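One structure below.
These numbers were taken from a predicted model, which means no experiment stands behind them. Both counts, for ligands and for their atoms, begin at 1 and track the order of listing.
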Amino acid sequence: MTGRTASWIGGTPLKTEWSMRIWTTVEEARRHRQQARGRVALVPTMGALHEGHLRLMGEGRRLADTVFVSIFVNPTQFGPGEDLDHYPRTLEEDLRLCEAAQVAGVFTPSVQEMYPPQVIDAAVDVPDLTSDLEGAWRPGHFNGVCRVVLKLLNIFQPELAMFGEKDYQQLRVVQAMVADLMLPTRIVPVPTVRESDGLAMSSRNRYLDEPQRRKAVGLYKALKQAQRMVEEDQETDPLAVERAM
Ligand code: PAF
């Protein structure tokens, strides 16, 4: 299959004239990557794009000559009973946003393409950074993240790959994997983009009802409170900080 231009998707004409390519196979993505101009930045995503992703693309454009985006809801990073089947999938709108952000190409593979049934599974693990925090309550999650990110970095061999600080543990795990496996890609951390009330932008925010959303903002406020106490009030007692939070 050859690359398609964005204006073909869904038969709906896109607003810009930017000619973005869309690939669904590893082979096409590799071929176009090899023809790419200058430094390449990859923005790995699971789609349902928002301002936070646009910031990753913007940083990619600032630091590189060519930006590629991957959109793939990676099944190996979802545990049993998690939201794999319900994860928001908004491909057509995502492609519009990528095109408006002047992305050169989008890779949207199928599950079979990324995990061919005839290939024997390999495991990638950063155990020292994954037994705690999110890793503790989502066993296997970071193995799935590492595995798919390693595949994407091998397919695109980008000079830069953009990761949000919002998923801070993921960022640190990916940085550790890249360092230990001596991959030639620089992982670029990009600051979190927040809603006006402080909530970090996330594709999963759409799951929140009003009370849950208020709680989520409370978390941000508590963290800001802790930061103020430590940085401005020079508080050194962790229990005092915890109580205030
Ligand atoms: O942060 C995400 O959206 C995903 O974990 C990633 C890095 C695209 C891997 O599937």
(request) Determine, stepwise, if the pair Ser110 / Thr24 fulfils side chain to side chain contact (heavy atoms under 4.5 Å, CB included). (result) CA-CA 7 Å; Ser110 64; Thr24 55; over 6 Å; no
(message) Within ligand 1, which atoms have a heavy atom of Phe163 less than 4.0 Å away?
(response) 7 (C)
(request) Could you see which bit of Thr45 sits under 4.0 Å from ligand 1, with heavy atoms only: side chain, backbone, both or neither? (result) backbone
(message) Can you name the atoms of ligand 1, numbered from 1 with element, that are less than 4.0 Å from a heavy atom of Gln170?
(response) 1 (O), 2 (C), 4 (C), 5 (O), 7 (C)
(message) Under 4.0 Å between a side-chain nitrogen and a carboxylate oxygen: does that hold for Glu159 and Arg33?
(response) yes
(request) Hey, could you give me each pair passing salt bridge (charged side-chain N to carboxylate O under 4.0 Å, His left out) that has a residue in residues 67-84? Not counting sequence neighbours. (result) Glu82-Arg138, Asp83-Arg204
(request) Return the set of residues passing ring pair (Phe, Tyr, Trp, His ring centres under 6.0 Å) with His141 (not counting sequence neighbours), or none when no residue passes. (result) none
(request) Please report which non-hydrogen protein atom sits nearest to atom 10 (O) of ligand 1, along with the residue it belongs to and the distance in Å to one decimal place. (result) Gln77 OE1, 2.6 Å
(request) On the 0 to 90° scale, with breaks at 30° and 60°, tag the Phe107-Phe156 ring pair as parallel, tilted or perpendicular. (result) perpendicular
(request) Give the numbers and elements of all ligand 1 atoms closer than 4.0 Å to a heavy atom of Val148. (result) 9 (C), 10 (O)
